[in-house]
Amino acid sequence: MRTPIIAANWKMHKTVAEARDFCRAFLASYAPDGGEVVICPPFTALGAVAELLAGSVVKLGAQDLFWEEKGAYTGEISPGMLQDVGCDYVIIGHSERRGYFGETDADVNRKVKAALAHGLKPIICLGESLVQREAGQTEKVVTEQVRLAYEGVAPSSAEQTVIAYEPIWAIGTGRNASPEEANRVIGLIRQTVAGIYGDGVAEKIRIQYGGSVNKENIAQFMDQPEIDGALVGGASLDPAGFAVIARGGRS
Ligand code: PGA
């Protein structure tokens, strides 16, 4: 059995004070149920959120990293820095990073390997655009993204990773993929992982759905056999709402 994992991706939201308020309110209303919950604030709030989450079951994640350990890379954050501040997870290859900042599948692969080398668990984001979906390329796009993200990653490391299937047309649009369709594509992603690493690893890797998940629809996604959790953007900003989502919709 895979442990469900629900992650909050705050994107470029919340000051340090707002992040602290969120954590206090969230921890007051979230009743742990054995699932894993991860909060991914912006870099500036990682330290404050780490302090407030200490002693709770809720884990800390970052939204990106750079693959080098240190050096003249103005503006970048290294895997060791994330580990130092208390991160367990790091989101890699979000479609906003691929789209706005030109991240390629090769960059994603280097980041995945750097994260794993420092004991950080990558949440690897992938998914097709609307144009690709309408051209019937969904399967081709996601299988290629999986293949390239894991190039050169050892099976024992691959087991530590989480994949977030996020169709780009469903992110922040209020237009989610149907739970059945998300389940179908996630099943295909799992088959692709099985093709690389075998069934044992594929059965262990957790695969989330992301794209307009909220407290009303989360339970339908969690009911699907292939879907192990969710990566939640907009709806993760409200502590009471996210406390419901973190329990898979059971308040
Ligand atoms: P959304 O974002 O929940 O606001 O659609 C999801 C994501 O981008 O991870």
Side-chain angles (χ1 to χ4, degrees), residues 1-11 13 22 26 29-41 49 53 57-64 88-97 121-128 138 142 145-146 149 160-190 193 204-251:
M1 269 303 281
R2 295 182 290 269
T3 305
I5 178 165
I6 310 269
N9 174 13
W10 286 358
K11 309 190 179 183
H13 292 284
F22 174 99
F26 174 73
S29 50
Y30 168 61
D33 65 353
E36 220 176 344
V37 177
V38 186
I39 296 178
C40 305
V49 171
L53 295 184
V57 297
V58 183
K59 309 250 170 73
L60 183 69
Q63 297 176 19
D64 186 28
D88 283 311
Y89 285 90
V90 58
I91 297 170
I92 294 177
H94 191 280
S95 61
E96 287 150 16
R97 297 223 51 90
K121 296 178 183 148
I123 299 175
I124 304 168
C125 300
L126 48 92
E128 80 288 358
T138 300
V142 299
Q145 286 174 328
V146 171
Q160 305 296 314
T161 64
V162 174
I163 297 174
Y165 168 57
E166 300 203 304
I168 297 169
W169 46 271
I171 296 177
T173 57
R175 182 181 163 196
N176 55 268
S178 74
E180 295 74 21
E181 175 59 8
N183 188 67
R184 183 187 73 81
V185 179
I186 287 175
L188 181 86
I189 291 169
R190 201 178 299 287
V193 173
K204 283 195 185 135
I205 287 187
R206 291 171 297 171
I207 311 182
Q208 303 172 312
Y209 167 74
S212 299
V213 171
N214 56 42
K215 66 180 192 301
E216 281 78 36
N217 63 22
I218 179 74
Q220 295 166 264
F221 289 103
M222 297 307 286
D223 278 348
Q224 297 291 329
E226 294 289 352
I227 301 182
D228 303 316
L231 182 56
V232 187
S236 74
L237 297 171
D238 167 55
F242 188 62
V244 176
I245 295 171
R247 288 172 55 82
R250 287 166 292 112
S251 47

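Note that this is a predicted model, so its numbers are computed, not measured. Hydrogens, waters and symmetry mates play no part in the numbers below; they use all other heavy atoms, side chains included.
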Other residues, nucleotides and ligands only: do more than 12 of their heavy atoms fall within 6.0 Å of NZ on Lys121? yes
Any non-hydrogen side-chain atom of Phe22 less than 4.5 Å from a side-chain atom of Val49? no
Aromatic ring pairing Phe221/Tyr209, orientation class (parallel under 30°, perpendicular over 60°, tilted between): parallel
Rounded to the nearest 0.5 angstrom, the CG-CD1 distance for Asp228 and Ile186 is 7.5 Å
Closest heavy-atom pair and its distance - Ala246, Val37: CB-CG2, 3.8 Å
In Å and rounded to the nearest 0.5 Å, what is the CG to CD1 distance from Asn176 to Ile171? 12.0 Å
Rounded to the nearest 0.5 Å, what separation is found between the CD atom of Gln160 and the CZ atom of Arg206? 9.0 Å
Value for CD1 (Ile207) from CD1 (Ile163), rounded to nearest 0.5 Å, stands at 4.5 Å
Any side-chain heavy-atom pair from Tyr89 and Glu36 closer than 4.5 angstrom? yes
Is the shortest heavy-atom distance from the side chain of Val146 to the side chain of Val193 under 4.5 Å? yes
Determine whether the side chains of Glu128 and Tyr165 contain a donor N or O and an acceptor N or O closer than 3.5 Å. yes
Can you tell if the side chain of Phe26 reaches within under 4.5 Å of the side chain of Leu53, non-hydrogen atoms only? no
d(His94 NE2, Glu166 CD) to nearest 0.5 Å is 4.5 Å
Given side chains that start at C-beta, do those of Ile91 and Cys125 come closer than 4.5 Å, heavy atoms only? yes
Is any side-chain heavy atom of Ile6 closer than 4.5 Å to one of Val213? no
Is there a side-chain contact between Ser236 and Leu231 (heavy atoms, below 4.5 Å)? no
